[in-house]
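Take a look at the structure below.
These figures come from a predicted structure and were not determined experimentally. In each ligand, atom 1 is the first atom listed, and ligand 1 is the first ligand listed.
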Amino acid sequence: MSKNPQRFTITAALPYTNGPIHIGHLAGVYVPADIYSRFLRMQGHDVAFVCGSDEHGVPITIKAKKEGVTPQDVVDKYNGIIKKSFEDFGVSFDNYSRTSGKTHHDTASAFFKKMYEDGKFIEETTKQLYDEKAQQFLADRFVTGTCPKCGNEEAYGDQCESCGTSLNATDLINPKSAITGAVPTLKNTKHWFLPLDQYEDWLKEWILKGHKADWKSNVYGQVKSWIDDGLRARAVTRDLEWGIPVPVEGGDGKVLYVWFDAPIGYISSTKEWAEREGKNWEPYWKDENTKLVHFIGKDNIVFHCIIFPVMLKAHGDFILPENVPANEFLNLEGKKLSTSKNWAVWLHEYLEDFPDQQDVLRYVLTANAPETKDNDFTWKDFQARNNNELVAIFGNFINRVIVLTNKYYNGVVPEPGEYSEVDEKTIAELKAYPSVIASSIERYRFREAQGELMNLARLGNKYLADEEPWKLIKTDEERTKTIMYVALQIASALSIISEPFLPFTSAKLKKMLNQSDENSDNTPDWDIIGTREALIPPGQQIGKAELLFSKIEDEQIQKQLDKLEATKTANAMEDQRAEPQKEIATFEDFTKMDLRVGTIIEADKMPKTKKLMVLKVDTGLDKRTVVSGIAEHFKAEEIIGKKVTVLVNLAPRKLRGVESEGMILMTENADGKLVFVNPDEDGVKSGTTIN
Ligand SMILES: [Zn+2]
């Protein structure tokens with residue numbers, strides 16, 4: 001037990017209830033949060049590990065509309081699936097709540113009301129995007145358009161997923177309604193804004209100065225760039241029906257912005273847990289000695305490092321997060337995981353194909369965790385790590401120890417004799433592992449920590465391979481006893497230290513060694529490994545060997561690869577399906593478009609953007625600047641001199657400060673690569689009209 005038990009509130013990002021969860025969620029948030037929480041409990045700390053389903057917001061209402069059901073139907077369905085996946089994978093939440101529940105509605109409502117009464121919001125009537133056809137205001141995911149920062153043409157009204165910038169819907173260039181496709185108009189509506197700009201100095205002091213050393217560099221860097229860019233007031237209410245009603249005068253027909261209510265869900269979930277356990281929830285959120293840690297993916301950094309802390313600070317009485325160890329993204333076979341494109345390994349499907357092999361997935365996801373950069377999950381790597389590490393090292397060592405102990409001593413731990421030099425060294429190494437692994441976990445380096453766990457199994461495996469008790473038993477029974485005793489100590493240590501990482505394996509192993517939790521008197525804890533002489537004492541009866549891990553065959557992997565290949569084919573067919581014909585245009589409409597043949601004479605990638613390229617085009621009329629989103633598909637040198645089709649009388653618009661005077665016509669091939677619509681016949685001159 002830890003000498004200084006502390007109170008921890010650990011939160012894991014609330015999963016959004018418009019679909020099941022996949023390996024990316026598990027790797028990015030839930031496995032690391034679970035390792036951390038399980039470790040802290042083993043150290044004797046007081047831990048509240050909370051989560052719940054995030055059930056409000058626009059995407060759920062869009063999905064409900066599409067499926068012809070109510071938003072409540074959508075969230076009920078996925079809340080069930082998600083909750084079961086967490087249970088199946090051993091994620092040890094103390095409470096899993098839902099934001100559509102009463103406790104949460106009351107808590108979030110009261111939170112808003114107090115901030116309102118304390119004058120923490122700015123009340124403003126502003127023009128918001130409105131869809132005349134749907135008779136509805138458009139915000140968040142109801143509207144898409146071009147990101148003013150990076151030029152991504154599919155940015156949402158609250159965030160650009162390409163560059164991570166948080167946006168207001170009115171920031172989008174060429175906004176379009178996601179409901180009807182209509183171009184929105186502007187209409188007056190009243191909302192409440194959180195003046196983030198007023199907290200800039202405080203955020204600089206608290207994060208940029210206060211957490212420079214202890215926050216992960218990917219998190220700190222993102223936060224710094226947002227603060228350096230300058231923060232703006234953000235609306236925390238929406239014109240929407242689905243959500244938590246705005247509980248103040250003038251709030252009719254409006255709800256709290258989903259990103260305002262969701263993080264309060266951590267508090268609601270803690271309340272539910274405390275009530276059930278007969279505890280007081282308040283110290284977990286208000287006592288300065290409590291350590292609050294948020295586990296999230298990198299797309300949530302702005303909300304957990306800027307917006308939620310500002311809310312907590314503005315509300316008063318609450319503690320702030322001590323750390324926000326956000327992970328980067330996990331890719332699948334080299335491509336970005338995508339729920340809508342079904343490019344994912346769904347947890348409930350994984351268990352159908354690999355029953356009882358939860359720990360294998362937990363292991364591989366931690367071994368490959370995107371802790372500091374995006375990382376890739378491949379099925380070949382999954383197979384290799386299972387077969388070469390879990391089976392060949394961990395499983396093999398344990399199997400030998402248990403089988404030989406049963407064979408030689410009827411399963412009774414033998415009395416050791418004098419230690420040899422190798423024994424002394426092996427035991428000393430063993431005793432050093434718990435503190436090494438603890439130190440990695442405390443610094444949120446779960447990958448490194450799990451690597452050390454496997455090194456401990458390697459130590460055992462090598463010890464047995466070098467000492468060869470199966471040969472020695474014929475010539476030196478006394479020495480064999482000592483070897484088996486030492487090996488059993490390593491097995492016992494593995495059963496304990498593996499618990500945060502491989503909880504199912506740990507439980508099986510403890511049972512085999514007769515050190516199960518029910519038998520807690522003889523279950524050594526984490527720190528005792530480093531100090532106590534015998535982890536498993538001579539004379540203790542152990543059980544029979546059970547298989548911990550089994551080999552994964554090529555056919556099983558091929559089946560998964562085939563599944564992904566089928567998804568690829570289905571997506572390609574979907575992409576190739578022609579879009580429906582647009583509304584009829586008159587001949588006059590068409591003749592308004594002045595299309596010309598142009599020649600690209602200069603091309604430069606726009607700095608700090610992924611997609612944009614600044615082109616100088618000879619249109620025959622003049623040489624003008626056109627900004628085009630082609631930088632991911634072409635290098636400057638391959639397009640200079642190219643003949644292109646230019647719409648020359650398109651109203652000029654500014655993209656990242658550069659005025660674009662026209663548009664180059666593009667289409668795309670089956671692989672999604674852009675191609676020019678080009679008049680490449682010899683002798684066609686720049687400036688020639690196209691009609
Ligand atoms: Zn962007």
Side-chain angles (χ1 to χ4, degrees), residues 16 24 28 57-59 62 128-129 138-178 183-184 196-197 218-235 257-259 296-307 326-329 331 335-341 370 373-374 604-615 625-634 652-660 663-664 666 668 672-674:
Y16 198 62
V58 168
I62 293 180
Q128 296 287 323
L129 300 179
L138 302 174
D140 309 334
R141 307 275 147 147
F142 275 140
V143 53
T144 60
T146 302
C147 169
K149 192 150 188 209
C150 75
N152 166 26
E153 287 172 9
E154 284 157 29
Y156 292 109
D158 57 349
Q159 192 177 24
C160 169
E161 292 196 334
S162 183
C163 68
T165 304
S166 80
L167 299 167
N168 289 318
T170 45
D171 297 338
L172 294 172
I173 301 164
N174 294 335
K176 211 171 81 178
S177 165
V183 175
L196 294 175
D197 47 318
N218 57 327
V219 177
Y220 184 89
Q222 266 206 42
V223 173
K224 183 170 186 317
S225 102
W226 274 310
I227 296 176
D228 288 349
D229 274 359
L231 301 172
R232 289 184 301 157
R234 273 188 77 110
Y257 175 37
V258 63
W259 265 110
I296 56 166
K298 71 169 163 189
D299 49 336
N300 288 344
I301 291 176
V302 68
F303 298 105
H304 286 80
C305 297
I306 294 181
I307 300 176
N327 271 346
E328 299 287 294
F329 287 148
N331 294 321
K335 283 169 74 171
K336 196 178 167 188
L337 280 155
S338 164
T339 298
S340 56
K341 294 196 168 121
K373 60 177 177 57
D374 288 357
D604 291 293
K605 195 164 179 284
M606 190 182 284
K608 293 187 183 167
T609 66
K610 265 196 205 155
K611 297 190 171 175
L612 297 184
M613 205 173 245
V614 182
L615 308 173
T625 301
V626 176
V627 179
S628 187
I630 59 172
E632 284 181 314
H633 300 268
F634 298 99
R653 59 177 178 146
K654 270 199 174 169
L655 281 162
R656 304 214 71 182
V658 178
E659 184 146 89
S660 179
M663 182 194 277
I664 293 177
M666 309 291 302
E668 63 180 34
K673 180 177 167 24
L674 293 181

query = Taking everything shown except K611 itself, do over 12 heavy atoms lie less than 6.0 Å from its NZ?
reply = yes
request  = Taking atom CD of E153 as the centre, report whether more than 12 heavy atoms of other residues, nucleotides or ligands fall under 6.0 Å from it.
outcome  = no
query = In a check of salt bridge (charged side-chain N to carboxylate O under 4.0 Å, His left out) between D229 and each of K149, K608, K224, which one passes?
reply = K149
note = Note, the Zn ion (ligand 1) has protein N, O or S atoms under 2.8 Å numbering 4
task = Check the angle between the aromatic planes of H304 and W259 and answer parallel, tilted or perpendicular using the 30° and 60° thresholds.
result = perpendicular
request  = Using side-chain hydrogen bond (donor to acceptor under 3.5 Å, both in side chains) as the criterion, list what pairs up with D299, not counting sequence neighbours.
outcome  = none
key: Electrostatic pair K373-E328, nearest N-O below 4.0 angstrom   = no
